[in-house]
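Just so you know, these numbers use all the heavy atoms, side chains as well, and skip hydrogens, waters and symmetry mates.
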Amino acid sequence: MTRFTIASFNVKNLIEAEQEYYRFEEYTPEEYAWKRAWLADQLLTMNADIVCFQEIFTENALRDVVIETDELGLAANAANIPHRSKGYARKAIFRKLAYEPYTESALAFAPNSFDGGSGQRRPGVAILSRFGFDGLPEVIQDLPEPLDIPFSDLDGSDSGSYRIKRLSRPILKARIPVGGTVITVFNCHLKSKLGEFPRPDGTAFPPEADLVNYDPAGRAMGSLRAALRRMAEAWVLRRAVLAELAAGNPVMVLGDFNDSEHAVSSEILTGEAPFRNYAWIRRHDAKDRRDRYSEEEDVIIQEKISRVRLYSAEKLFVKKSLRDMVYTSAFGGVFESIDQILMSRHFLPEAHDSIGEMEYFSVLNDHLTDGSHPEAPYNKLASDHGQIMAHMVIGDGDD
């Protein structure tokens with residue numbers, strides 16, 4: 001059996017000092033040193049084998065964090081791990097305290113194709129793996145063909161379409177060898193809930209950005225556009241996941257979904273939940289009111305839906321542990337989970353094609369505030385997301 005941990009970490013705008021990433025936003029050398037130290041401390045606490053990072057502006061800044069993490073980890077090993085001459089050297093608790101440096105780990109960084117110059121930067125994503133990669137990681141952002149989503153009115157007439165040509169942020173896909181198994185890992189950061197406002201030709205900014213002349217209907221339309229884009233991006237990711245599942249590959253999807261588990265965008269990505277019994281449902285081509293799916297067809301439908309579903313690590317943990325206090329973001333008094341770890345049924349112990357399971361789920365969220373806490377200004381350099389980690393165990397092929 002092989003045990004490993006896999007985590008998602010939205011670092012919140014990681015870039016070196018004195019580089020303007022958004023308009024008028026940059027870190028002083030002191031702020032960057034503080035942020036780098038805080039991120040390294042979180043990464044050390046997780047000590048995860050695979051980490052999916054979001055909001056990375058530059059690869060060098062992330063490497064700075066990893067180097068500082070290793071320095072902290074090696075110092076912790078020297079303090080925590082007893083010498084072999086000590087009588088208690090074999091106690092299991094000290095093995096648990098050991099930190100494994102990322103020195104030999106592989107790092108894949110996907111820059112954002114929208115990334116502009118000073119003040120107009122756009123963040124990318126990255127994956128850090130102690131197991132390396134099987135082949136070269138792939139980036140999904142600029143679509144080979146535009147995605148056209150057709151609409152029809154209630155009377156069936158054509159109602160136009162919605163088109164996207166590329167994603168707001170890249171999706172990073174990597175195949176990672178763990179034990180005797182190769183797992184396909186997707187790292188994503190879907191479109192935020194911030195409104196999208198077109199800028200009329202010849203103007204310096206969209207009218208909806210002028211808060212003195214507040215336009216509630218226009219800003220609501222901006223939220224609608226953002227939601228459409230987020231759902232479209234979720235479908236693009238879903239299509240890539242389905243291709244891996246069709247090839248028989250175990251899949252894990254991590255990242256910042258910018259939506260809760262039951263939002264439409266999340267349900268697009270996870271797939272629909274099957275009904276308990278399709279034999280009670282009238283057939284799609286029914287000839288009379290009693291024409292329903294058979295029990296044999298129910299088995300077929302259940303399998304076709306279940307084999308392509310993704311399952312939330314958080315919800316599996318809550319169900320197993322009877323806990324319900326997991327959240328990864330806070331804003332305006334609302335604490336919710338918008339960062340997720342999803343997995344194919346290969347990691348469900350009861351599935352006939354299971355290769356392993358999740359043993360535990362961790363969340364680091366003690367640093368989160370909704371902005372009203374007295375320490376909120378001090379925490380502005382910390383991440384505004386909680387870090388989540390799944391503790392997995394899989395067979396090695398001959399177990």
Side-chain angles (χ1 to χ4, degrees), residues 8 10 52 54 110 112-114 122-125 127 137-154 158-175 184-196 221-275 301 304-315 337-346:
S8 181
N10 184 320
C52 293
Q54 301 89 43
N112 196 319
S113 62
F114 276 108
R122 294 293 182 270
V125 297
I127 299 178
E138 302 174 35
V139 178
I140 303 171
Q141 185 171 23
D142 297 285
L143 304 181
E145 297 291 337
L147 172 62
D148 288 307
I149 304 169
F151 291 93
S152 61
D153 208 338
L154 296 179
D158 176 51
S159 288
S161 64
Y162 174 71
R163 166 178 284 195
I164 63 170
K165 299 177 181 178
R166 55 182 176 179
L167 311 184
S168 57
R169 303 178 185 91
I171 295 169
L172 185 56
K173 169 187 169 185
R175 293 187 172 94
T184 302
V185 174
F186 291 92
N187 180 16
C188 70
H189 187 181
L190 301 183
K191 173 68 182 78
S192 72
K193 294 181 181 180
L194 293 176
E196 288 194 2
M221 180 61 72
S223 295
L224 188 154
R225 294 189 192 99
L228 282 174
R229 181 175 296 278
R230 186 165 57 257
M231 287 187 283
E233 291 179 349
W235 185 86
V236 171
L237 177 51
R238 176 66 173 167
R239 177 174 60 182
V241 167
L242 291 174
E244 291 298 310
L245 293 176
N249 300 327
V251 169
M252 302 188 80
V253 181
L254 297 87
D256 178 359
F257 295 177
N258 269 312
D259 247 335
S260 64
E261 177 198 9
H262 298 294
V264 174
S265 57
S266 298
E267 292 179 347
I268 289 172
L269 181 52
T270 58
E272 57 185 299
F275 288 101
I301 296 170
K304 287 190 173 182
I305 294 176
S306 297
R307 71 180 178 82
V308 293
R309 286 192 69 200
L310 298 179
Y311 300 84
S312 165
E314 174 190 321
K315 288 300 177 280
S337 293
I338 62 174
D339 304 84
Q340 292 284 340
I341 298 175
L342 305 179
M343 58 191 73
S344 59
R345 74 174 184 184
H346 299 89

Could you tell me if the side chain of [Y] sits less than 4.5 Å from the side chain of [X], heavy atoms only?
| X | Y | value |
| --- | --- | --- |
| L228 | K191 | no |
| I149 | W235 | no |
| L245 | H346 | yes |
| D259 | I338 | no |
| N258 | H189 | yes |
| Y162 | R229 | yes |
| I305 | E272 | yes |

Fill in: Stepwise side-chain contact (heavy atoms from CB on, under 4.5 Å) check, L269 with F186
CA-CA 12 Å; L269 181 52; F186 291 92; over 6 Å; no

Worksheet item: Do S8 and D339 have side-chain N/O donor and acceptor atoms under 3.5 Å apart?
Response: no

Discussion item. Ignoring hydrogens and geometry beyond distance, is a side-chain donor-acceptor pair present between S312 and E261 at under 3.5 Å?
Written reply: no

Worksheet item: Residues in salt bridge (Lys or Arg N to Asp or Glu O under 4.0 Å) with R345, at least two apart?
Response: E303, D353

Item to complete: Sequence neighbours left out, what passes salt bridge (Lys or Arg N to Asp or Glu O under 4.0 Å) with R163? Give chain and number order.
Response: D148

Worksheet item: What are the two closest non-hydrogen atoms of R169 and L190, and how far apart are they?
Response: NH1-O, 2.9 Å

Item to complete: Show your reasoning for whether side-chain contact (heavy atoms from CB on, under 4.5 Å) applies to E267 and R238.
Response: CA-CA 10 Å; E267 292 179 347; R238 176 66 173 167; over 6 Å; no

